[in-house]
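Start at 1 with the first residue, then count along the sequence. Both ligands and their constituent atoms are indexed starting at 1 by order of listing.
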Amino acid sequence: MPTDDANGSIKSGDNMPRHIAIIMDGNGRWAQKRLMPRAFGHQAGVKTVRKIVEYCANNNVEVLTLFAFSSENWRRPEEEVSLLMSLFMLTLQREIDKLDRNNIRLRFIGDRHAFSEKLQKKMAEGELQTRNNTALTLVIAANYGGRWDMTQAFQKLAAKVSSGELKAEEITEQLINQQLSISDLPEPDLFIRTGGEQRVSNFMLWQLAYTEMYFTQTLWPDFDESSIEDAIKSFKNRQRRF
Ligand code: IPE
Ligand code: IPE
Ligand code: MG
């Protein structure tokens, strides 16, 4: 395990967040500022994803969760939704082998039934191909909502109650937790939202109970290694306070 160097570099050392969860926001505004269509911002956003995944894989982060598409994002204009879907597909086609070579495990959370058959197949392939990788777990939240996650958990438990397998009074936090999407992974230590809004937008509602929250004005396409280092620095300072 690397240790902090004398310059106080935050690149390594103790108290690294094990799990970082990010709401990648601001692609549209980034493009608008450049008088370009929103699609241009989403494409630039994919480049940032690459950068941040690489950073996390190289700096002992165990889990990186990225909010790519929310349950509410279907309400966007059809043209933008379909652009986001093609970009999603294209990115998977291009990146899965590379993730695999870099020992990164890919996972998806969210209701994937709404996606095309082709996309669902690609997602499953990516998960299967990378399932034994150990450098970083990259969780992509797609058609995900925290309320959706809790609802599907409660449905599973309710089914057990109605079949007599479980009594209502036996339902515990731990049991609910076990039905949630990524209950096998550590809960997020650090939450980051780019793009200036200070809200959770239905992201990981259950899992954020004790997470340190970090908000930045930086738009997602401008977010880079030094931006994530700032967030981690802030996280470490808060950790040291008690
Ligand atoms: C985030 O950027 C990307 C997705 C939600 C897919 P936005 O598209 O929300 O960009 P802004 O918030 O309009 O700038
Ligand atoms: C949150 O961003 C969802 C994702 C980044 C995928 P939005 O831009 O969709 O959220 P709101 O509408 O500002 O809450
Ligand atoms: Mg937005």
Side-chain angles (χ1 to χ4, degrees), residues 19-53 55-56 63-95 106-116 119-120 122-123 126 138-152 180-182 188 190-208 211 213-224 227-228 231:
H19 182 173
I20 301 178
I22 307 182
I23 297 187
M24 312 181 285
D25 199 17
N27 293 348
R29 280 164 283 163
W30 185 88
Q32 242 157 15
K33 272 191 358 193
R34 287 162 178 76
L35 307 175
M36 295 294 279
R38 294 175 63 84
F40 185 64
H42 294 312
Q43 280 156 358
V46 174
K47 289 188 192 148
T48 301
V49 169
R50 243 182 248 128
K51 239 183 256 178
I52 298 307
V53 169
Y55 179 90
C56 289
V63 184
L64 172 67
T65 300
L66 299 176
F67 204 5
F69 193 86
S70 76
S71 326
E72 291 71 35
N73 286 151
W74 296 108
R75 293 190 208 131
R76 293 191 179 198
E78 204 185 311
E79 195 192 323
E80 185 173 356
V81 170
S82 97
L83 175 274
L84 285 167
M85 291 303 137
S86 343
L87 197 58
F88 195 17
M89 186 69 198
L90 196 71
T91 307
L92 291 181
Q93 283 166 340
R94 281 189 190 149
E95 305 290 334
L106 183 62
R107 298 259 300 258
F108 295 95
I109 57 172
D111 183 1
R112 49 181 95 184
H113 298 103
F115 296 124
S116 71
L119 191 49
Q120 288 183 50
K122 198 76 207 164
M123 290 161 79
L138 172 61
V139 181
I140 303 291
N143 194 22
Y144 175 86
R147 289 180 178 176
W148 165 82
D149 201 6
M150 280 150 85
T151 303
Q152 63 82 30
L180 294 170
S181 294
I182 45 171
L190 172 61
F191 162 98
I192 300 172
R193 182 172 185 146
T194 64
E197 310 293 354
Q198 304 203 354
R199 56 175 172 261
V200 174
S201 296
N202 198 17
F203 191 39
M204 309 193 89
L205 297 177
W206 177 278
Q207 296 88 342
L208 292 176
T211 307
M213 311 294 274
Y214 181 88
F215 297 94
T216 171
Q217 293 293 328
T218 306
L219 303 172
W220 179 248
D222 290 327
F223 194 79
D224 61 10
S227 319
I228 194 169

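- If you take CZ on R107 and OG1 on T65, they are separated by 9.5 Å, rounding to the nearest 0.5 Å.
- Contact between R75 and ligand 2 is absent, with no heavy atom of the residue lying under 4.0 Å from the ligand.
- Scanning the protein heavy atoms around atom 12 (O) of ligand 2, the nearest turns out to be R199 NH2, 4.4 Å.
- Surrounding CZ of R34 are more than 12 heavy atoms belonging to other residues, nucleotides or ligands, all under 6.0 Å away.
- Atoms of ligand 1 lying under 4.0 Å from any heavy atom of H42, numbered from 1 in the order shown and given with element: 3 (C), 8 (O).
- Regarding atom 10 (O) of ligand 2, its nearest protein heavy-atom neighbour is R193 NH2, 3.4 Å.
- At a threshold of 2.8 Å, the Mg ion (ligand 3) has a backbone or side-chain N, O or S atom of D25 nearer than that distance.
- At a 4.0 Å cut-off, at least one heavy atom of G26 sits close enough to ligand 1 to count as contact.
- On a distance-only criterion, G28 and ligand 1 share at least one N/O pair closer than 3.5 Å.
- Here CD of E80 is found 3.5 Å from NE2 of H42. Values are rounded to the nearest 0.5 Å.
- The number of heavy atoms from other shown groups lying within 6.0 Å of CD (E197) is above 12.
- The nearest protein atom to atom 8 (O) of ligand 1, hydrogens excluded, is given as R76 NH1, 2.7 Å; this is a heavy-atom distance.
- For ligand 2, the polar-atom distance check finds an N/O of D25 within less than 3.5 Å of one of the ligand's N/O atoms.
- Side-chain contact check for R76 versus R38: some heavy-atom pair is nearer than 4.5 Å.
- Among protein heavy atoms, atom 5 (C) of ligand 2 sits closest to M24 O, 3.3 Å.
- Residue R29 has at least one heavy-atom neighbour below 4.0 Å for each of these atoms of ligand 1: 11 (P), 12 (O), 14 (O).
- Annotation for R112: atom CZ counts as buried by contact number, over 12 foreign heavy atoms lying within 6.0 Å.
- Atom NZ of K47 is surrounded by 12 or fewer heavy atoms from other residues, nucleotides or ligands within 6.0 Å.
- The protein non-hydrogen atom at the shortest distance from atom 9 (O) of ligand 2 is N73 ND2, 2.9 Å.
- Using the six-membered ring where Trp is involved, Y144 and W148 have ring planes that are perpendicular, over 60° apart on the 30 and 60° scheme.
- Using cut-offs of 30° and 60° on the angle between ring planes, the pair F115 and F88 is perpendicular.
- Within the 4.0 Å heavy-atom criterion, the part of F69 lying near ligand 2 is the backbone and not the side chain.
- Looking only at protein heavy atoms, the nearest one to atom 13 (O) of ligand 1 is R38 NH2, 2.9 Å.
- The closest protein non-hydrogen atom to atom 6 (C) of ligand 1 is A68 O, 3.3 Å.
- Ranking protein heavy atoms by distance to atom 14 (O) of ligand 2, first place goes to S201 OG, 2.7 Å.
- Screening T48, T194, D222 for a side chain to side chain donor-acceptor pair (under 3.5 Å) with W30, the sole residue that qualifies is D222.
- In this structure, a donor-acceptor pair under 3.5 Å is absent between the side chains of R147 and S71.
- Ranking protein heavy atoms by distance to atom 1 (C) of ligand 2, first place goes to I23 CG2, 3.8 Å.
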